[in-house]
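Chain letters run A, B, ... following the sequence lines, proteins first, then strands; residues in each count from 1.
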There are 2 protein chains.
Amino acid sequence: MKIAGDLGDTWKFVNIKDGYQLQNTVKIAIIGYGNVGRGVMKSLKRNPDIELVCILSRSPARVKNEVGLTVPVFAVDDLDELKKADVAILCSGSKDDLPVQGPFYAKYINTVDSYDNHSNALSYFKAMDESAREAGTVSCVSIGWDPGTFSLQRVLNNAIIPGSKTYGFYGTGPKGGLSMGHSDAIRRIAGVQDARQYTHAIAQVIESVCSGENPELKPGDMHWRECFVVLKKGADAGAIEQEIKSMKGYFAPYKTVVHFVSQEELDVKVSGFPHDGLVIGSGTTGEGNLALVEYRNIWESNPEATANILVAHARAANRLANENRRGAFTILDIPPAYLSAHSREELISEFL
Amino acid sequence: MKIAGDLGDTWKFVNIKDGYQLQNTVKIAIIGYGNVGRGVMKSLKRNPDIELVCILSRSPARVKNEVGLTVPVFAVDDLDELKKADVAILCSGSKDDLPVQGPFYAKYINTVDSYDNHSNALSYFKAMDESAREAGTVSCVSIGWDPGTFSLQRVLNNAIIPGSKTYGFYGTGPKGGLSMGHSDAIRRIAGVQDARQYTHAIAQVIESVCSGENPELKPGDMHWRECFVVLKKGADAGAIEQEIKSMKGYFAPYKTVVHFVSQEELDVKVSGFPHDGLVIGSGTTGEGNLALVEYRNIWESNPEATANILVAHARAANRLANENRRGAFTILDIPPAYLSAHSREELISEFL
């Protein structure tokens with residue numbers, strides 16, 4: 001039975017072994033094949049309504065070698081192949097790639113990306129919105145867990161607890177969270193062979209926030225940074241430690257601990273890409289009744305988490321496009337049901 | 001600058017002292033004036049874009065006495081007064097009132113309600129959808145924290161961690177959470193003068209879930225129930241304790257502890273309406289990397305929390321109506337930005 005015209009006639013669900021599948025699958029292309037692109041590949045097994053039609057890469061030979069013959073791999077400018085997909089998932093970096101690639105690909109196909117530079121998010125949104133509106137495509141931008149699902153929680157907290165304060169903590173577990181940006185920053189220092197940086201939230205500060213104390217906090221009050229650094233032969237450990245600790249915008253406001261380790265120790269100690277985060281909204285309702293909302297994500301693989309969230313939004317992008325919507329959308333602009341492969345009836349019966 | 005046509009031309013924001021306000025406020029009516037209705041009244045101070053035009057009540061004399069002359073109070077069938085509002089917030093009970101009142105009022109005005117009987121949610125949705133579509137109104141149904149924001153998290157978890165399991169715990173703090181339904185059930189027993197029931201989550205089970213063990217759990221494994229009961233003179237404590245503990249669907253599957261107290265003790269010990277809950281989604285990404293999402297709400301006043309969430313959805317209902325949408329919507333069908341009084345640019349710059 002059809003209960004609401006919003007679902008559209010093209011969305012018919014069929015029973016499969018472990019749940020439901022769309023009769024019409026969403027055809028995706030992956031553009032850029034690094035850790036996030038690999039995560040998208042792995043997520044396909046768990047999303048039977050999503051079908052990969054091709055990968056576009058700047059190094060197609062390398063990618064072909066990695067993925068084998070099962071997936072067609074093309075160069076980044078092979079637009080004819082790209083257009084066989086419904087949605088392109090842009091898996092390149094936010095710093096140099098997406099600001100150019102995003103508006104370019106939005107001219108040809110619906111896109112989803114995880115642009116994560118918070119301070120440039122609005123100008124990126126506008127560029128994508130303009131490109132997508134002109135082309136009549138849909139672009140879901142800044143999709144991941146932060147920005148992404150965490151943004152959703154911040155807006156929700158602000159709407160349902162007006163006047164509340166929102167706090168963000170990262171690396172709340174014992175291992176902390178791996179920061180790729182900070183690891184890269186250390187690796188750029190002369191004399192450094194390799195490095196990884198783990199961010200740690202300060203547990204007592206989280207306790208203070210969760211008790212409803214609403215403290216005023218600066219970034220350096222909430223986190224400390226732990227660096228594992230492999231030196232090149234003959235490098236000056238003391239000078240490098242000093243350079244790390246005084247790096248503005250990265251380490252200067254934080255308590256920073258530097259461990260010098262061998263490459264072997266680094267490779268064993270700090271494998272994988274774990275990360276986690278916690279958003280806390282703290283305020284009151286009525287005449288001063290405490291209201292507290294906590295949202296925590298723990299990911300053993302940060303890039304796979306981002307990939308999973310991108311894939312769910314590829315489903316949403318395709319649905320928005322089928323409704324003849326156009327332009328850029330953040331996670332805030334999309335009905336949450338659109339991320340799901342379940343029908344509205346299933347969502348109400350089983351999830352509401 | 002206008003960045004997206006979706007916002008509509010009627011949505012213009014003006015600067016006010018502590019933030020932003022819509023030039024065009026949303027005019028609401030409260031129907032039913034109990035704890036949730038009072039919560040809606042209190043929330044108005046914190047939502048300057050929401051304006052109360054009237055209260056409709058089955059006992060207008062009682063309500064007039066309580067709210068004074070500042071707010072017009074009318075009988076429940078005063079539809080001419082009701083129609084001066086944009087959105088009616090239905091604050092009556094789910095058991096007997098909403099199944100009748102909801103479809104009735106949806107014929108005349110956009111509505112928001114917190115219908116919370118999970119097992120009948122789909123049939124209530126359909127009745128509201130039919131009534132609202134016929135009338136050309138918008139009805140936001142089953143809006144609160146559970147169903148409501150918790151439903152949103154369950155769908156989000158399922159979409160971004162396909163194959164994950166979702167767990168729900170209630171009363172995770174030391175005091176537990178007050179269950180109105182279970183308190184009422186005890187009060188209906190002959191010989192009981194008054195009662196309150198606190199639900200407690202079992203901490204070790206939460207720990208097991210948070211460690212990623214993905215246990216199979218029955219309801220009785222996750223919670224225990226604590227009852228504070230005031231007896232009428234001459235009532236048989238042992239028989240009543242037995243009747244409580246064996247009550248099917250309410251207490252039978254749970255470890256249940258019954259304390260007999262005086263009315264004075266009850267009034268002092270268990271004031272207010274605290275409740276809290278925790279949704280946990282637990283699964284993996286890729287080839288077995290742990291993925292865990294926790295969402296916790298702690299409310300010192302449960303009815304004020306529900307009221308706040310209803311008010312945010314009155315904003316959304318008005319916006320959907322201004323877009324000429326019609327029919328019933330759950331929280332899953334509404335772009336999260338619609339709950340906020342902030343503009344799209346503000347949301348991207350400050351919350352994304």
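The local environment of NZ in Lys175(B) is sparse, with at most 12 non-hydrogen atoms from other residues, nucleotides or ligands closer than 6.0 Å.
The part of Asp146(B) that comes within reach of chain A is its side chain, from C-beta onward, which places non-hydrogen atoms under 4.5 angstrom from that chain. Heavy-atom distances place both the backbone and the side chain of Asn297(B) under 4.5 Å from chain A. Of the atoms belonging to Thr330(B), it is side-chain heavy atoms, and not backbone ones, that fall under 4.5 Å from chain A.
Ranking Leu152(B), Leu156(B), Leu339(B), Asn158(B) against chain A, the residue ahead of the rest is Asn158(B), based on heavy-atom pairs under 4.5 Å. Ranked by heavy-atom pairs shorter than 4.5 Å toward chain A, the options Ile161(B), Thr166(B), Leu352(B) are led by Leu352(B). Top candidate by heavy-atom pairs under 4.5 Å with chain A, chosen from Arg38(B), His313(B), Gln153(B), is Gln153(B). The candidate with the highest count of non-hydrogen atom pairs below 4.5 Å against chain A, out of Lys42(B), Glu130(B), Glu300(B), is Glu300(B). By number of non-hydrogen pairs under 4.5 angstrom with chain A, the leading residue of Ile331(B), Leu278(B), Ile298(B), Ile334(B) is Ile298(B).
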Do any side-chain atoms of residues 284-294 of chain B form donor-acceptor pairs under 3.5 angstrom with protein atoms, and if so which ones, sequence neighbours left out?
from      : atom 1 : to        : atom 2 : distance (Å)
Thr284(B) : OG1    : Arg46(A)  : NH1    : 3.1
Thr284(B) : OG1    : Arg46(A)  : NH2    : 3.0
Thr285(B) : OG1    : Glu304(A) : OE1    : 2.7
Asn289(B) : ND2    : Glu304(A) : OE1    : 3.0
Asn289(B) : ND2    : Glu304(A) : OE2    : 3.4

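Atom-to-atom distance recorded for Ser340(B):OG and Leu332(A):CG is 8.5 Å, nearest 0.5 angstrom. Residue Arg296(A) holds its CZ atom at 8.0 Å from CZ of Arg296(B), rounded to the nearest 0.5 Å.
Contact detail for Phe125(B) and Arg344(A): the closest heavy-atom pair is CZ-NH1, 3.6 Å. Here the shortest heavy-atom pairing between Ala159(B) and Ala312(A) reads O-CB, 3.8 Å.
Of the possible donor and acceptor atoms, one in the side chain of Asn308(B) sits under 3.5 Å from a partner among the backbone N and O of Ile160(A).
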Hey, mind stepping through Leu347(A) and Val155(B) against side-chain contact (heavy atoms from CB on, under 4.5 Å) and telling me if it holds?
CA-CA 7 Å; Leu347(A) 290 177; Val155(B) 169; 3.9 Å; yes
